[in-house]
Amino acid sequence: NLIPILEELRDSKSTKPVLLHVKTEKGYGYTPALKASDRMHGVGKFSVTTGKQVAGKPGPDSYTTTFAKTLCELARIDPTVCGITAAMPGGTGMDIFGKFFP
């Protein structure tokens with residue numbers, strides 16, 4: 001049960017940062033999501049039957065792409081910069097970062 005853990009963190013007297021790692025499983029009941037562990041966390045339009053995403057209109061970079069590019073720029077300047085993925089590198093931009101900073 002996550003609620004007591006969150007309450008304990010909230011009520012803690014500690015002023016130090018805390019990293020709470022929550023392992024989740026997604027896709028139950030939807031086969032395309034089960035088969036694509038790194039996809040379908042936050043998607044645009046897609047075919048419910050196949051799970052295939054429908055291409056949208058071209059536009060500016062997504063938040064994910066902008067984040068990845070910025071993180072790479074910062075890491076080129078500062079070698080202490082690192083990234084932590086939420087177990088979905090493609091959905092967070094960490095796949096791009098990982099190509100340049102394995």
Side-chain angles (χ1 to χ4, degrees):
N1 188 348
L2 192 55
I3 292 177
I5 296 168
L6 293 173
E7 288 174 342
E8 186 173 330
L9 291 174
R10 179 195 66 199
D11 299 339
S12 170
K13 295 187 188 312
S14 175
T15 58
K16 295 181 179 181
V18 174
L19 175 65
L20 173 62
H21 181 212
V22 179
K23 183 177 179 181
T24 60
E25 295 182 32
K26 71 163 183 79
Y28 286 103
Y30 189 56
T31 303
L34 285 168
K35 291 181 179 178
S37 63
D38 190 38
R39 303 218 185 275
M40 305 192 82
H41 290 276
V43 298
K45 294 181 181 181
F46 67 96
S47 165
V48 175
T49 306
T50 65
K52 185 174 180 179
Q53 290 187 355
V54 178
K57 297 177 185 175
D61 283 347
S62 68
Y63 173 83
T64 299
T65 301
T66 301
F67 170 78
K69 287 179 178 179
T70 303
L71 188 61
C72 288
E73 288 173 20
L74 293 171
R76 283 186 191 97
I77 296 166
D78 182 353
T80 65
V81 169
C82 66
I84 301 172
T85 181
M88 46 183 227
T92 59
M94 294 304 296
D95 57 338
I96 296 168
F97 180 79
K99 287 179 187 174
F100 298 102
F101 303 94

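Nothing here was measured: the structure is a model prediction, and the numbers come from that model.
Counting non-hydrogen atoms of other residues, nucleotides and ligands closer than 6.0 Å to CD of Glu7 gives a total above 12. Within a 6.0 Å radius of CD1 in Ile84, other residues, nucleotides and ligands contribute 12 heavy atoms or fewer.
Atom CD of Glu73 is separated from atom CZ of Phe100 by 11.0 Å, given to the nearest 0.5 angstrom.
Connection of Ile3 to Val22 is not established within any shared hydrophobic cluster, with ILVMFWY side chains joined at heavy-atom distances below 4.5 Å, either directly or through further cluster members. A continuous path of ILVMFWY side-chain contacts below 4.5 Å connects Leu2 to Leu9, so both sit in one hydrophobic cluster.
Exactly one of Thr64, Leu71, Thr85 qualifies for a side chain to side chain contact (heavy atoms under 4.5 Å, CB included) with Thr92. That residue is Thr85.
Taking every heavy atom of both residues into account, Phe97 and Cys72 meet most closely at CA-SG, 3.7 Å. Considering every non-hydrogen atom in both Ala68 and Gly93, the closest pair reads CB-O, 3.4 Å.
Between Met94 and Phe101 there is no side-chain heavy-atom pair separated by less than 4.5 Å.
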